[in-house]
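Reading through the structure tokens given below for one structure.
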Amino acid sequence: MVHSGSTRYDSASRQLDQAVARTAAGARSAVGSVAVVAALFGAVPPVDFRWLAPMLVLHFTWTALFARVFWRKRPLPHLLVAGDVAITVALCLAQIHLVAPEALFTGSSWVAGLVTMTVVMAGVTWRPRTAVPVGFAVAAAFAVGVRLATPSGDVHTTLGIHLVQLLAIVLLMTLLRRSAASADTFLRERARAEISLMVERLRREDELRQVGSVHETSLHTLTMVGLGTYDEPSPTLRAQVATDLAALDKLRDQPGADPAPIALDALLDEVAGRATGLDVHRSLTPETVPGDVAERFARAVTEALANVALHAGVQEADLSSERRDGEIHVEIADAGRGFDQHRLPSDRFGVRGSILDTMRSLPNGGAQISSGDRGTRVSLWWRP
């Protein structure tokens with residue numbers, strides 16, 4: 001399931017953030033490794049090894065953590081980036097002990113490259129309201145460190161370059177996130193339209209079955225009477241007429257706005273068959289519900305299955321439905337990676353919007369999600 005919220009509907013934003021973050025983590029590990037080599041080759045007096053050695057060990061350890069995230073294709077932890085910011089600030093302020101004066105004068109120090117990478121990581125990881133002040137603090141720390149090491153050195157040019165880099169990455173990520181948000185909206189509306197079409201198609205099929213039932217019962221009975229099959233009152237005829245009248249009364253009593261209920265099991269079976277990259281094991285009890293109820297169930301199940309396929313790390317899921325204590329229950333379960341729904345960011349639509357809110361907005365409906373190390377179970381219910 002999702003580790004940060006969503007769903008097929010908001011997967012564009014989430015996948016964008018994750019893809020960019022993993023790429024940045026790979027770049028950070030490469031730049032960090034190069035920086036260690038450059039620091040060792042540039043360690044000439046007055047560089048103090050008593051300062052350089054522990055700082056490089058700490059920096060290399062953090063670089064290894066970034067490499068681990070990149071190779072294992074894991075989400076980039078914000079704490080890892082925050083730690084990187086703290087380490088880079090410490091390196092900047094200690095440049096007087098870590099970098100030769102010649103490298104500081106020419107602006108080619110190994111610390112300068114780390115500052116650029118840290119600014120990029122901040123822009124990739126956080127939204128502008130956090131990335132901008134963090135990036136500015138890193139750039140300012142570098143300028144202060146250079147000024148402490150070489151009081152006559154020019155820090156304004158380097159500071160300006162770092163600020164331009166910061167604004168560029170923040171602007172780029174803002175544009176990318178807005179584009180992904182537009183794609184999310186389009187995918188969300190398209191998925192809802194597909195479900196509506198499925199509901200309407202099943203409703204129409206049910207109407208045709210009812211019309212066919214009338215033809216095979218009432219009209220057939222009238223035809224037999226008209227042909228003179230029954231010359232006198234018959235118990236068989238009376239029973240058949242009673243059955244036909246009951247069928248007509250049932251058809252008449254259905255509301256015009258929703259002329260036919262929906263076979264929920266058929267709709268969920270079709271939804272499960274459309275799940276991409278997932279083998280869904282189905283145990284569905286035949287049940288008929290109003291069209292709007294069926295649509296809510298279908299939307300929630302679609303979202304839950306999409307989350308399994310994208311984030312649970314498994315290729316199988318179980319989908320079941322049954323009537324229990326007067327309520328219709330639908331459950332989606334997997335044995336993959338779980339998540340903590342209480343830590344989901346507020347801007348994630350999938351779990352909250354497409355599952356919980358969708359079912360809870362239905363009168364007499366509800367939803368609950370339980371997740372842990374043994375997998376995730378999404379429970380949906382509605383009481384007629």
Side-chain angles (χ1 to χ4, degrees), residues 1-2 6-9 11 191-192 194-206 209 258 260-339 341 350-384:
M1 296 295 289
V2 295
S6 224
T7 103
R8 176 160 55 185
Y9 302 142
S11 62
R192 288 178 176 176
E194 289 177 351
I195 292 173
S196 297
L197 288 174
M198 284 191 289
V199 169
E200 187 59 35
R201 178 176 56 78
L202 289 173
R203 180 186 290 120
R204 181 58 181 164
E205 290 176 356
D206 192 76
R209 282 194 298 270
D258 190 13
I262 300 300
L264 181 62
D265 54 307
L267 179 60
L268 295 184
D269 184 68
E270 186 164 347
V271 167
R274 294 188 177 209
T276 304
L278 199 63
D279 183 14
V280 183
H281 304 288
R282 290 156 247 185
S283 177
L284 303 174
T285 301
E287 198 69 60
T288 301
V289 299
D292 60 332
V293 175
E295 188 171 351
R296 303 287 182 89
F297 271 114
R299 282 166 52 187
V301 170
T302 298
E303 177 67 22
L305 292 177
N307 284 341
V308 175
L310 288 171
H311 305 287
V314 294
Q315 283 77 47
E316 295 183 350
D318 295 319
L319 172 62
S320 62
S321 69
E322 63 176 345
R323 182 179 284 266
R324 187 191 316 155
D325 298 329
E327 293 182 338
I328 296 175
H329 285 257
V330 175
E331 291 188 344
I332 307 94
D334 68 79
R337 294 189 296 266
F339 71 102
Q341 60 176 307
V351 171
R352 288 194 179 95
S354 294
I355 299 179
L356 298 178
D357 291 347
T358 293
M359 292 304 300
R360 290 173 181 174
S361 64
L362 187 67
N364 302 322
Q368 183 177 1
I369 300 176
S370 59
S371 186
D373 296 336
R374 297 184 178 180
T376 300
R377 182 177 298 274
V378 178
S379 300
L380 317 171
W381 63 85
W382 174 73
R383 180 180 292 275

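We number each residue from 1, following the sequence as shown.
Counting only distance, with no hydrogens or angles, the side chain of Asp325 and the backbone of Glu327 share no donor-acceptor pair below 3.5 Å. At distances below 3.5 Å, not a single donor-acceptor pair connects side-chain atoms of Arg282 with backbone N or O atoms of Leu319. Of the possible polar contacts, one joining the Thr285 side chain to the Ser321 backbone as a donor-acceptor pair under 3.5 Å is found.
Across all their heavy atoms, Trp382 and Val289 have their closest contact at CZ3-CG1, 4.0 Å. Between Asp334 and Gly336, the closest heavy-atom pair is OD1-N, 2.8 Å. Looking at every heavy atom in both residues, Leu278 comes nearest to Val308 through CD1-CG1, 3.7 Å. Residues Ala275 and Val280 approach most closely at CB-CG2, 4.2 Å, considering heavy atoms. Taking both residues in full, the closest heavy atoms of Arg360 and Ala367 are given as NH2-O, 3.2 Å, listed atom of the first, atom of the second, then distance. The two residues Leu305 and Ala317 come nearest to each other via the heavy atoms CD2-CB, 4.2 Å.
Crowding of Arg323 atom CZ: a count of heavy atoms from other residues, nucleotides or ligands under 6.0 Å exceeding 12.
Asp318 pairs by the side-chain hydrogen bond (donor to acceptor under 3.5 Å, both in side chains) definition with nothing, not counting sequence neighbours.
Two residues are said to be in side-chain contact when any heavy atoms from C-beta on lie closer than 4.5 Å; Met359 and Trp381 fail this criterion. Using a 4.5 Å heavy-atom cutoff, the side chains of Arg377 and Ser379 are in contact. With a 4.5 Å cut-off on side-chain heavy atoms, Thr358 and Leu380 do not count as touching. Residues Ile355 and Asn307 are in side-chain contact: their nearest non-hydrogen atoms beyond the backbone lie under 4.5 Å apart.
Atom CD of residue Glu331 and atom CD of residue Gln368 lie 10.0 Å apart, to the nearest 0.5 angstrom. A distance of 8.0 Å separates CD in Glu287 from CG in Asp265, rounded to the nearest 0.5 Å. Separating the CD atom in Glu316 from the CG atom in Asp279 is a distance of 5.5 Å, to the nearest 0.5 Å. From Arg274, atom CZ reaches atom OG1 of Thr302 across 9.0 Å, with rounding to the nearest 0.5 Å. Taken to the nearest 0.5 Å, the OG1 atom of Thr288 stands 11.5 Å off from the CG atom of Leu267.
At a cut-off of 3.5 Å, with distance as the only test, a side-chain donor of Arg296 or Ser361 sits close to an acceptor on the other residue.
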